Amino acid sequence: MPDNRPKQLRTRAIEHDAFFLSPHPCLRCNGGIFSFAEKLMERRLFIAYGLSSCMVAALAACQSQPLPPPSPVMPGRQLPAAWRAMLADAARAPSSHNIQPWQLHLDTPTHGQLCLSPSRRQMATDPAGRETWISLGAFTLALEVAALALGRAAEFEWMEKPPNAVQITLRPCQATDQWLACLRQRRTLRRNLAPARVDDKLWPLVDQQRTSAFYLPHGTAGAARISQTTLEASLIQAGDDAVWQELADWIRWREEDARRNPTGITPASMELPWLAQRWVAAFYGREDVLAPAFRQRSLDLTRSQVQEGAGWLVIAAPDDSVQSYYVAGRHLMRCWLAATAQGLALHPMSQALEVESLRHSLGKDLGTAHLQMLLRVGRPPSYPAPVCPRLAPEDFVTCSFA
Ligand SMILES: Cc1cc2nc3c(=O)[nH]c(=O)nc-3n(C[C@H](O)[C@H](O)[C@H](O)COP(=O)(O)O)c2cc1C
């Protein structure tokens with residue numbers, strides 16, 4: 001029988017409580033389907049699961065899939081304390097699926113080259129490396145903020161010749177920690193975003209290198225078009241097994257998995273309620289992400305998310321060069337820090353940009369050909385501390401001086 005499923009795809013809403021945010025008649029567990037209501041009736045059993053979840057999770061972890069290893073640790077060299085501090089803050093930058101694609105080599109105490117890690121990529125969902133370079137750009141802006149707080153000006157020079165890289169030079173300067181608190185507080189928030197008044201002047205509108213950011217409040221034709229295209233893309237993506245397999249690789253269901261490999265998304269970063277976090281840690285695995293029910297739940301979630309919040313922030317670039325992706329990432333980070341300072345949440349929803357044909361048609365409709373980011377904007381019920389795991393600097397830095 002011919003396989004009529006669409007070729008392109010990808011869904012991301014799964015990251016967010018695909019099963020637990022709204023009641024659902026079925027919970028799938030270890031290949032079996034059973035009624036949620038029935039499960040709840042077995043309250044003693046359910047509570048016992050909760051209380052003994054750490055033990056169960058540890059056992060279940062033994063059966064989980066092998067994880068991609070992090071990059072090798074710096075061989076036998078000590079990272080200077082100032083670099084360590086700056087890089088720990090820079091690593092708070094957002095990245096698609098929390099892949100943290102940054103890889104840095106320091107050749108002197110004030111100079112290094114930043115490039116993409118060969119092992120932390122998303123070949124199925126981001127074959128052109130667009131989101132990966134955006135993430136790297138966000139990292140450089142975060143490094144700039146962290147360096148300024150320690151009295152260093154970080155300068156970045158784009159290396160055009162492939163393989164592309166960014167040269168980093170540090171120079172002494174007057175210390176200022178103006179954005180450091182926002183950098184440390186910033187996180188992705190995806191739940192219950194409420195409408196809010198969003199001042200147009202909030203966003204740094206045009207970057208020196210001509211990326212631009214503009215805001216489309218709900219109720220405008222542009223916002224409706226983004227919501228509709230996001231749904232359309234999610235539907236297309238719901239059919240591509242390669243994308244779902246890649247997503248499954250980047251979910252760390254158990255704390256132990258996240259400790260061993262602190263990349264990817266976790267039940268806590270999906271904002272699952274505490275008991276649900278225990279539940280999935282005990283029972284979920286790769287096969288659950290690949291199940292049709294999971295995809296359906298994620299579609300349902302996307303449907304409700306695109307209606308929530310105040311509107312959409314759009315980041316666009318003058319072209320689709322790798323350098324423009326990188327610059328868009330720096331622009332993204334500036335916008336995110338500005339939003340955090342106002343207590344506003346940003347939630348990237350990349351589905352519509354990951355189906356190339358939809359990215360182009362949406363760009364045409366919005367009057368800008370090279371869309372790079374679409375983010376929901378809204379007022380969160382609270383702004384909790386970041387929870388997504390991060391690599392330690394030693395995991396992504398090598399160093400050729402002692
Ligand atoms: C380029 C890019 C694309 C992203 N796309 C999505 C997305 O489609 N859906 C989503 O929920 N989060 C998305 N995110 C947010 C990441 O999942 C998030 O930054 C990462 O998990 C780290 O979590 P944190 O932002 O709370 O530190 C994206 C982030 C970046 C930088």
Side-chain angles (χ1 to χ4, degrees), residues 9-18 21 88-102 116 120-122 125-126 128-142 182-191 193 211 226 229-231 233-234 237 243 246-247 250-252 258 262-271 298 301-302 305-306 308-309 312-315 317 324-337 339-340 345-355 359 371-376 378 380 383-391:
L9 62 81
R10 146 50 132 16
T11 282
R12 213 55 110 47
I14 8 64
E15 294 165 21
H16 327 130
D17 27 86
L21 287 189
D89 276 324
R92 297 171 188 270
S95 60
S96 176
H97 277 151
N98 197 29
I99 63 171
Q100 304 168 59
W102 30 86
L116 294 187
R120 297 189 293 278
R121 300 292 298 272
Q122 303 177 102
T125 52
D126 185 28
R130 193 180 56 77
E131 292 182 11
T132 312
W133 279 105
I134 289 175
S135 305
L136 200 94
F139 176 89
T140 61
L141 200 283
C182 291
L183 173 62
R184 290 181 173 171
Q185 194 188 355
R186 186 218 62 84
R187 60 170 289 182
T188 303
L189 288 167
R190 306 165 168 106
R191 283 189 64 176
L193 300 190
T211 57
I226 296 174
T229 312
T230 300
L231 277 177
S234 301
Q237 291 184 323
V243 170
E246 190 164 80
L247 172 70
W250 291 104
I251 299 184
R252 313 279 173 257
T263 56
I265 48 182
T266 63
S269 70
M270 295 174 204
E271 298 166 67
S298 99
L301 186 61
T302 304
Q305 283 176 325
V306 295
E308 265 184 6
W312 291 93
L313 175 67
V314 179
I315 296 182
S324 286
Y325 300 155
Y326 155 76
V327 175
R330 290 179 56 80
H331 203 148
L332 164 72
M333 194 65 195
R334 274 196 206 99
C335 291
W336 215 324
L337 293 178
T340 307
L346 293 188
H347 173 203
M349 292 190 83
S350 305
Q351 294 93 324
L353 305 184
E354 291 166 348
V355 177
R359 182 160 90 99
L371 295 173
Q372 304 302 340
M373 290 296 294
L374 299 172
L375 303 105
R376 288 197 303 140
Y383 206 112
V387 287
C388 221
R390 289 299 193 271
L391 295 167

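These figures come from a predicted structure and were not determined experimentally. Sequence positions, counted from 1, serve as the residue numbers for this chain. Start at 1 and go down the list; that is how both ligands and their atoms are numbered.
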No-hydrogen, no-angle side-chain donor-acceptor test under 3.5 Å, Arg252 and Thr263: yes
Ser96 and Gln122: side chain donor to acceptor below 3.5 Å: yes
Can you find an N/O atom of [X] closer than 3.5 Å to an N/O atom of ligand 1?
{"X": "Arg190", "result": "yes"}
{"X": "Arg92", "result": "no"}
{"X": "Arg390", "result": "yes"}
{"X": "His347", "result": "yes"}
{"X": "Glu131", "result": "no"}

Within-shell test, Ser135 vs ligand 1, heavy atom, strictly < 4.0 Å: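 Ser135: in contact with ligand 1 (<4.0 Å).
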Contact check, Arg130 vs ligand 1, heavy-atom distance below 4.0 Å: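 So Arg130 does not count as touching ligand 1.
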The single option from Glu246, Glu131, His97 passing side chain to side chain donor-acceptor pair (under 3.5 Å) against Thr125: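 Answer after filtering Glu246, Glu131, His97: Glu246.
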Leu371 backbone acceptor or donor facing Arg359 side chain under 3.5 Å: yes
Parallel, tilted or perpendicular: rings of Trp102 and Phe139 (30°, 60°):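 Aromatic pair Phe139/Trp102 classed parallel.
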Candidates Ile134, Thr140, Thr132 - the one meeting side chain to side chain contact (heavy atoms under 4.5 Å, CB included) with Tyr326: Thr140
Suppose I only count heavy atoms of [X] and a 4.0 Å limit; which atoms of ligand 1 are within that range?
{"X": "Ser350", "result": "3 (C), 4 (C), 5 (N), 6 (C), 7 (C), 8 (O)"}
{"X": "Ser95", "result": "16 (C), 17 (O), 18 (C), 19 (O), 20 (C), 29 (C), 30 (C), 31 (C)"}
{"X": "Met349", "result": "8 (O)"}
{"X": "Cys388", "result": "21 (O), 22 (C), 23 (O)"}
{"X": "Met373", "result": "1 (C), 2 (C), 3 (C)"}

Sidechain N-carboxylate O distance under 4.0 Å for Asp126, Arg121: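 Here Asp126 does not pair with Arg121 in a salt bridge, since their nearest N and O are not under 4.0 Å apart.
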Intermediate values then yes/no, side chain to side chain contact (heavy atoms under 4.5 Å, CB included), Thr302 and Met349: CA-CA 9 Å; Thr302 304; Met349 292 190 83; 3.8 Å; yes
Which segment of Ile265 sits under 4.0 Å of ligand 1 when only heavy atoms are counted: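 The answer is the side chain.
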Derivation of the side chain to side chain contact (heavy atoms under 4.5 Å, CB included) call for Ile251 and Met270: CA-CA 10 Å; Ile251 299 184; Met270 295 174 204; 3.6 Å; yes
Nearest option to atom 9 (N) of ligand 1, as decided by whichever heavy atom of Ala385, Pro386, Pro348 sits closest: Pro348
